[in-house]
Amino acid sequence: MGGGRDALLVFLCLLGPAAVHAEDPYLFFTWNVTYGTVSPLGVPQQVILINGQFPGPNINSTTNNNIVVNVFNNLDEPFLLTWNGIQQRKNSWMDGMPGTNCPIPPGKNFTYHFQVKDQIGSFFYFPSMGMHRAAGAFGGLRVNSRLLIPVPFADPTDDYTVLIGDWYAKSHKALAAILDAGHGIGNPAGVLINGRTGKDASGKDDTPLFTMEAGKTYRYRICNVGMKVSLNFRMQNHRMKLVEMDGSHTVQNDYESLDVHVGQCLSVLVTANQEPKDYYMVASTRFTKYMRTATGVIRYAGSSVPPSPELPAAPVGWAWSFNQWRSFRWNLTASAARPNPQGSYHYGGINITRTIKLASSVGLVNGKRRFALNGVSHVESPTPLKLAEYYGIADKVFKYDSINDEPPAASAPITATPNVLNATYRTYIEIILENPERSIQCYHLDGYSFFPVGMGHGKWTPESRKTYNLLDAVSRHTIQVYPRSWSAIMLTFDNAGMWNLRSEMWERHYLGQQIYISVTSPERSLRDEYNIPDNTLLCGDVADLPKPPSYV
């Protein structure tokens, strides 16, 4: 009896470490990046394809999965992909921005390897070099919950990705040349839903994008992958129940339409409870003097009745959008993993250690138009900033803290230089984003989710804190700033690395409206940051340097 028990204990002891240290599942992808010709607006143009697809393939992953993507660059230009909203915990090596990674040279390949953790929701990837974003190579990236972690709604019958965005008829090279010459790229030529406008050359509806069975409920993941314009999304005769945005579950309110700003993703549940026929989904421009619209057909199974030609009207004005933002609330009862765990439940009670106020501006540098934050317009370096810092040659490549925590006078000249801000590891920081212009802006922060606690018209003052939502703001990674208004975000800088805070309006980003935030752990420990991967591409001033000692 005793011997059998001892044998069982030995067996369990042997089993235990294997169970504890078993690696999480791997998902492997091989992507060939090429040019191709498609006609998104009815006119043939060059786009960037991934495995021959436009948009690119979806990544369907589950919490803690290891994503391994081997990217072969068959373009005639250097290429990078970034994973919008994926936090890359301790792993800015895989963020895929020019400030963190050497680009993949033409004819070469690079393998991204990262883990999706504690971010159950909807994201997308896109190319981060130059104006490649205007040419395609974007796609959806979903992170599903493990079975052990229930989500706050029943499993839908099916799960659909809807990529909406503005689109230009000019090639990415032509757009870059226009910007390099100091001019603006103007208004987009159209809007796309999953790479299509919804009509063929003769004006007939494209084939249905999605099919629903009467009485069943479906999840639609809607991402604005465009370059410039906020879009309003709506479905003919169907209400949408908002359940998630940017990887956070929300209080489940119903909406007739939703504003989706550039770089943002959200999920809605839609029940097929209408007359069985075809219906339009609609994406149209917001806050513009012009109107661009795309449609897509949703078909009830077995339907042969076309959709009504009367499209649901879009809302008007930014006050409507602001009030909708105020209705978004974090689902504090959801049992799923939460992003930004430090202080997630009581973020409003954490002492702010630093306030950074960032004001956008536009002006001329050497006779050419540039966009700036606090008077500095970011210039890309031939040596990625992260690599320069890691190899100990940062002083050769950039200077820290080129900007102050307060904006300069509006009349101050713009300086063009690499823009890197130091943030002390694990400090809780408030960032105010001020927009003095007449157009809407949108900002994204890599490596983190943050709490968008407040918005208001005019200039921010310390009194504005009295209006903050310090209880249930939805933790997310991209936030809009309305015209001549401000938005306030809070977060703990607990993810070591070099992280891009950028305008998601890619014309503004390309012309310098971005900043890198350096978050370094004083420990140089694997607890806080992974070692540089063996396959890291080296370029610029670090190309021939010996590798620094590994973290321990």
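Keep in mind that the numbers below use all heavy atoms, side chains included, and drop hydrogens, waters and symmetry copies. This chain uses plain numbering: 1 for the first residue, then up along the sequence.
- Note on residues 280-328: no pairs pass disulfide (SG to SG under 2.5 Å), not counting sequence neighbours.
- Between Leu163 and Pro55, the shortest heavy-atom contact is CD1-CB, 3.9 Å.
- Looking only at distances, no side-chain donor or acceptor of Gln88 sits under 3.5 Å from a matching main-chain atom of Trp83.
- Side-chain N or O atoms of Gln236 include one that pairs as donor or acceptor with a backbone N or O of Glu310 at under 3.5 Å.
- The only option from Asp278, Asp205, Asp206 that meets the salt bridge (Lys or Arg N to Asp or Glu O under 4.0 Å) definition with Arg299 turns out to be Asp278.
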Start with the C-alpha distance between Arg142 and Glu244, add both sets of side-chain angles, then the distance that settles salt bridge (Lys or Arg N to Asp or Glu O under 4.0 Å), and finish with yes or no. CA-CA 12 Å; Arg142 65 180 64 163; Glu244 173 260 333; over 6 Å; no
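- Residue Arg329 holds its CZ atom at 11.5 Å from OG1 of Thr250, rounded to the nearest 0.5 Å.
- A donor and an acceptor atom, one from each side chain of Gln514 and Asn500, are located under 3.5 Å apart.
- Here the closest heavy-atom approach between residue Leu75 and residue Pro106 is recorded as O-CB, 3.3 Å.
- A donor and an acceptor atom, one from each side chain of Ser267 and Arg219, are located under 3.5 Å apart.
- No side-chain donor from either of Thr157 and Glu213 sits under 3.5 Å from a side-chain acceptor of the other.
- Once rounded to the nearest 0.5 Å, the distance linking CG of Leu501 with CD1 of Ile515 reads 6.5 Å.
- For Gln119 and His477, the side-chain atoms include no donor-acceptor pair closer than 3.5 Å.
- Because its NZ or CZ atom is not both nearer than 6.0 Å to the ring centre of Tyr218 and within 45° of the ring axis, Lys216 does not count as a cation-pi partner of that residue.
- Residues His113 and Asn91 share a closest heavy-atom pair of O-ND2, 3.5 Å.
- Closest approach of Ser128 to Trp506, counting heavy atoms only: O-CZ2, 3.9 Å.
- The side chain to side chain donor-acceptor pair (under 3.5 Å) pairs that include a residue from residues 179-190 are Asp180-Tyr510, where partners are two or more places apart or lie in different chains.
- Residues in residues 101-110 take part in these side chain to side chain donor-acceptor pair (under 3.5 Å) pairs, two or more places apart or across chains: Asn70-Asn109.
- Of the N and O atoms on the side chains of Gln264 and Gln480, at least one donor lies less than 3.5 Å from an acceptor on the other residue.
- Under the side chain to side chain donor-acceptor pair (under 3.5 Å) criterion, the residue pairs touching residues 32-42 are Tyr35-Asp76, with sequence neighbours excluded.
- Across Val151 and Ser145, no two heavy atoms sit closer than the pair CG1-CB, 3.6 Å.
- Side chains of Tyr443 and Ser487: no donor on one and acceptor on the other come within 3.5 Å.
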Are Arg239 and Glu256 close enough, and set up right, to give a salt bridge (Lys or Arg N to Asp or Glu O under 4.0 Å), and what steps lead you there? CA-CA 5 Å; Arg239 294 182 68 83; Glu256 291 183 355; 3.3 Å; yes
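- The side chain to side chain contact (heavy atoms under 4.5 Å, CB included) search around Ala137 returns Ile48, Ile50, Phe79, Pro127, not counting sequence neighbours.
- In this structure, a donor-acceptor pair under 3.5 Å is absent between the side chains of Ser230 and Asp259.
- Nearest heavy atoms, Val260 versus Asn224: O-ND2, 2.9 Å.
- The stretch residues 160-228 participates, sequence neighbours left out, in these disulfide (SG to SG under 2.5 Å) pairs: Cys223-Cys265.
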